[in-house]
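So you know, we letter chains A, B, ... as the sequences are listed, proteins then strands, and number each from 1. Here the structure is a predicted model, which means the values were calculated and not measured. Side-chain atoms are counted along with the backbone in the values below, which use heavy atoms only and exclude waters and symmetry mates.
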Amino acid sequence: MKPFHIFNSLTRAVEPFMPLDTSPTPTATFYSCGPTVYLPQHLGNMRAYVFVDTLRRALEFNGYTVRHVMNITDVGHMTSDEDAGEDKIEKTARAEGKSPLEVANFYIAQFKRDCAALNIALPIDAVPDAVAHPPQSALCRATDNIPAMIGVIEQIAAHGYAYTTPSGVYFDVEKWRGPSGMGRLSRQSLSEQHAGQRLEHSADKRSPHDFALWVLNQPHHMMQWDFPGIGRGYPGWHIECSAMSMRYLGETIDIHSGGLDHIPVHHENEIAQSESATGHQFVRYFVHNAFLTGMAGAKISKSAGRFPVLDDLVEEKIHPLAFRLLCLGAKYRSELAFSIDAVRAAEKNLNYLNEFVRCLQPRVIANAHDAAWAGAYEERFHEAMNNDLNTPQALAVALELVAAAYRQNDHRIWHTLRIFDMVLGLDLEGRIKEIAKGVFPPRINRLMTEREKARAAKDFKRSDELRAEIELSGYEVKDTKAGMVVMPKRVAP
RNA sequence: GGCGGCGUACCCAAGUGGUUAAGGGAGAGGUCUGCAAAACCUCGAUUCGUCGGUUCGAUUCCGACCGCCGCCUCCA
């Protein structure tokens, strides 16, 4: 089996993944750019988190212990330039008459709920003051890590790559780019960029490329902290990722993920900050996901005029995991054209897998060994996942496996399928548990009994009426050889 | 102006320098079924935006062109 391979934006090549830790049971460190919590995360955002989750699962599939950190941006992300714009969180807070903390908490809760619905496993919340023993993995908030940011800024300043002005502390890009080759990631030399051409920038900056590490003298900004020796203010956007990545995972990490849009500015700046502070490599593998497109034109009930969110799908009676499956149907580095029809098509696949699992005999599930022929599928699946996360192919293998089981009338593939699902995250096991419960509300039980009677009496008119009634209550009704099957529709999580 | 990407059947979407270009959805026909659903079987691109070039051979490499898109300003 080929080792895990991943496309590294630093080299623009698919490379074998070699973590820093070369022990027999290696750990991989993984930092993901997380949400800015001032609006609901739209489906494009969620695609990125499905990607992050899939990558984490693929690493674990390959035997790595993953230390995963995701940040939550709850301060410092401005609507335009660092010094000209408005803080996104505060803008929403003012609009809604809430405090920034309330806004952040509200959207964090929503984000977590959406991730849960998509079966995205987030790292546990970081305890704010666990300075002495930072956790191995963490979901961490920028506002809980201000001291760490100040520490990195001080390091940068100590190495001479920061300067302080009345409006803030800036990173000296001109000074840094010589030794660093800044622009490697985006393949853009600074002279080729038109930075500052289309927007006002602070007169304090020595160069329009410079960016704020710490912003000073913004009395209207609600969230402010003391920077000893510098003054009261708040951090620039990029510094949080450098600081939290280093704090929780170390000065050099294995993988750093984010959207393609982060390459030219955010990640270039992160590299500059981190490497000027520590003097050595910040990230070994940068991975970037492509966008979900076509959302603006997607005609979903409530989404007119904005990007659709997961709730819009639920409103259309589409299960969230159908969206996850849609994402898996395209490579993470390819744009994926979103449409309601595309999600519905994905939902068919989800139902197909669920239906197979539902029909499995308990003794097949309990059986410790799968049919011998399933092994070839597992190999193909692993191969696909290790080839730069080729989820479309892996998914095809899973579907082919199920089709082969049907065709050969040999259903002994549950363990293989469960292994696939540990990577795909479609919660097939949850489906089995759900079915095992088999408990229905009294009203549904009554309707079921009545319908069985009607069918036995060949009163099909009544039978069809009862089916319609049961379905209206959110259940599916199927007549099989073994009799009537009623199950909850998989809509709301 | 600069950087980057994409164009594969009605739709979504993999893939490869050379035997039949994955998989799914939709569609057509059939089996099964009280009906429906599910499942199964069969069919479906002589062709990979266009035109050139390299090659014994290109959808895959190179060039030009056309079309679409992202970024260079916040953005997954």
Side-chain angles (χ1 to χ4, degrees), chain A residues 9 12 32-36 38-39 41-52 77-82 84-88 91 183 186-201 208-209 237 257-266 268 288-294 307 325-326 328-339 341-349 351-352 354-356 358-359 380 384 387 390-400 402-403 405-409 455 458-461 463-464 467-468 471 476-481 485:
Chain A
S9 297
R12 298 205 174 190
S32 313
C33 280
T36 300
Y38 68 109
L39 282 176
Q41 298 293 299
H42 56 67
L43 291 176
N45 300 122
M46 295 319 290
R47 181 194 188 193
Y49 304 124
V50 169
F51 159 63
V52 165
H77 201 167
M78 313 309 276
T79 53
S80 62
D81 193 37
E82 288 92 342
E86 195 180 358
D87 187 295
K88 287 181 170 182
K91 188 180 174 186
S186 61
R187 296 277 162 107
Q188 275 182 292
S189 68
L190 291 173
S191 56
E192 284 164 341
Q193 292 181 27
H194 288 202
Q197 245 188 242
R198 292 163 60 189
L199 51 91
E200 297 289 315
H201 61 270
H209 301 298
W237 174 41
S257 75
L260 270 175
D261 52 318
H262 280 332
I263 293 175
V265 177
H266 185 50
E268 286 283 11
H288 294 100
N289 66 278
F291 280 14
L292 189 68
T293 62
F307 281 178
L325 199 148
L326 173 73
L328 297 175
K331 285 209 64 174
Y332 73 94
R333 288 197 285 127
S334 298
E335 281 184 354
L336 171 57
F338 175 82
S339 70
D341 286 345
V343 201
R344 288 226 160 87
E347 192 176 35
K348 291 266 166 85
N349 280 307
N351 289 339
Y352 177 80
N354 281 156
E355 185 63 10
F356 177 81
R358 187 182 68 75
C359 295
R380 285 172 59 207
N387 182 18
N390 193 334
T391 52
Q393 234 168 43
L395 190 60
V397 172
L399 292 167
E400 284 176 38
V402 172
Y406 274 125
R407 193 169 313 124
Q408 301 171 56
N409 198 25
R455 288 193 69 219
K458 302 229 183 275
D459 182 355
F460 296 122
K461 185 165 175 288
S463 162
D464 288 349
R467 172 165 51 203
E471 282 178 344
E476 281 176 70
V477 180
K478 290 172 185 177
D479 295 322
T480 68
K481 276 179 197 153
V485 172

**Request:** Between B:C48 and B:U59, how far apart are the P atoms? Round to whole Å, please.
**Result:** 6 Å

**Request:** Return no unless some side-chain N or O of A:Asn390 is found under 4.0 Å from OP1 or OP2 of B:G15.
**Result:** yes

**Prompt:** How close or far is atom P of B:G27 from atom CG of A:Asp341, stated in whole angstroms?
**Reply:** 11 Å

**Prompt:** Using atom C1' of each nucleotide, how far apart are B:G25 and B:G52 to the nearest Å?
**Reply:** 37 Å

**Request:** Toss me the dot-bracket line for RNA chain B: Watson-Crick and G-U wobble, both under 3.5 Å, 5' to 3', using | for pairs to another strand and [ ] for crossers.
**Result:** (((((((..(((.....[....))).(((((.......))))).....(((((..]....))))))))))))....

Distances under 3.5 Å between nitrogen or oxygen atoms of protein and nucleotides 28-33 of chain B:
none

**Asked** Taking the P atom of each, how far is B:U8 from B:U46, in whole Å?
**Response** 14 Å

**Fill in**
Rounded to the nearest 0.5 Å, the OG1 atom of A:Thr391 sits from the CZ atom of A:Phe51 at a distance of 10.0 Å

**Request:** Would you check if the side chain of A:Arg47 reaches a backbone N or O of A:Ala290 as a donor-acceptor pair within less than 3.5 Å?
**Result:** yes

**Message:** Taking the P atom in each of B:G7 and B:U60, what is the distance between them to the nearest angstrom?
**Reply:** 12 Å

**Request:** Using atom CG of A:Leu336 as one end and atom P of B:G23 as the other, report the distance to the nearest whole Å.
**Result:** 20 Å

**Message:** Nearest to the side chain of A:Arg455, heavy atoms from C-beta on, is which of B:A76, B:G15, B:C35?
**Reply:** B:C35

**Request:** Could you check how far CZ of A:Arg380 sits from P of B:G15, rounded to whole Å?
**Result:** 14 Å

**Asked** How far, in whole Å, is B:G2 from B:G23 if one measures between their P atoms?
**Response** 43 Å

**Fill in**
Of the listed B:C35, B:G23, B:A14, the closest approach to the A:Ala396 side chain comes from B:G23

**Asked** When the C1' atoms of B:C56 and B:A39 are considered, how many whole Å apart are they?
**Response** 48 Å

**Message:** Using the C1' atom as the point on both nucleotides, what is the distance between B:U55 and B:A14, in whole Å?
**Reply:** 26 Å

**Asked** How many Å lie between CG on A:Leu326 and P on B:A76, as a whole number?
**Response** 19 Å

**Asked** Is a side-chain N or O of A:Asn387 found less than 3.5 angstrom from the main chain of A:Asn390, in a donor-acceptor match?
**Response** no

**Prompt:** Atom CG of A:Leu325 and atom P of B:G23: how far apart are they, to the nearest Å?
**Reply:** 16 Å

**Message:** With a cut-off of less than 4.0 Å, is there a side-chain N or O of A:Tyr332 near OP1 or OP2 of B:A14?
**Reply:** no

**Prompt:** Can you tell which of B:C35, B:G70, B:G25 lies closest to the side chain of A:Phe291?
**Reply:** B:G70

**Request:** Rounded to the nearest angstrom, tell me the gap between atom CG in A:Leu399 and atom P in B:C40.
**Result:** 11 Å

**Prompt:** Quick one: A:Lys348 NZ to B:A37 C1', roughly how many Å, whole number?
**Reply:** 11 Å

**Prompt:** A:Ala403 has a side chain; which of B:C40, B:A76, B:A14 sits nearest to it?
**Reply:** B:C40

**Request:** Can you tell me, in whole Å, how much space there is between the P of B:G24 and that of B:C61?
**Result:** 27 Å

**A:Arg47 CZ - B:A76 P separation (whole Å)** = 14 Å

**Message:** Keeping A:Asn45 on the side-chain end and A:His42 on the backbone end, is there a donor-acceptor pair under 3.5 Å?
**Reply:** yes

**Item:** N or O in side chain of A:Ser334 less than 4.0 angstrom from B:A14 OP1/OP2
**Value:** yes

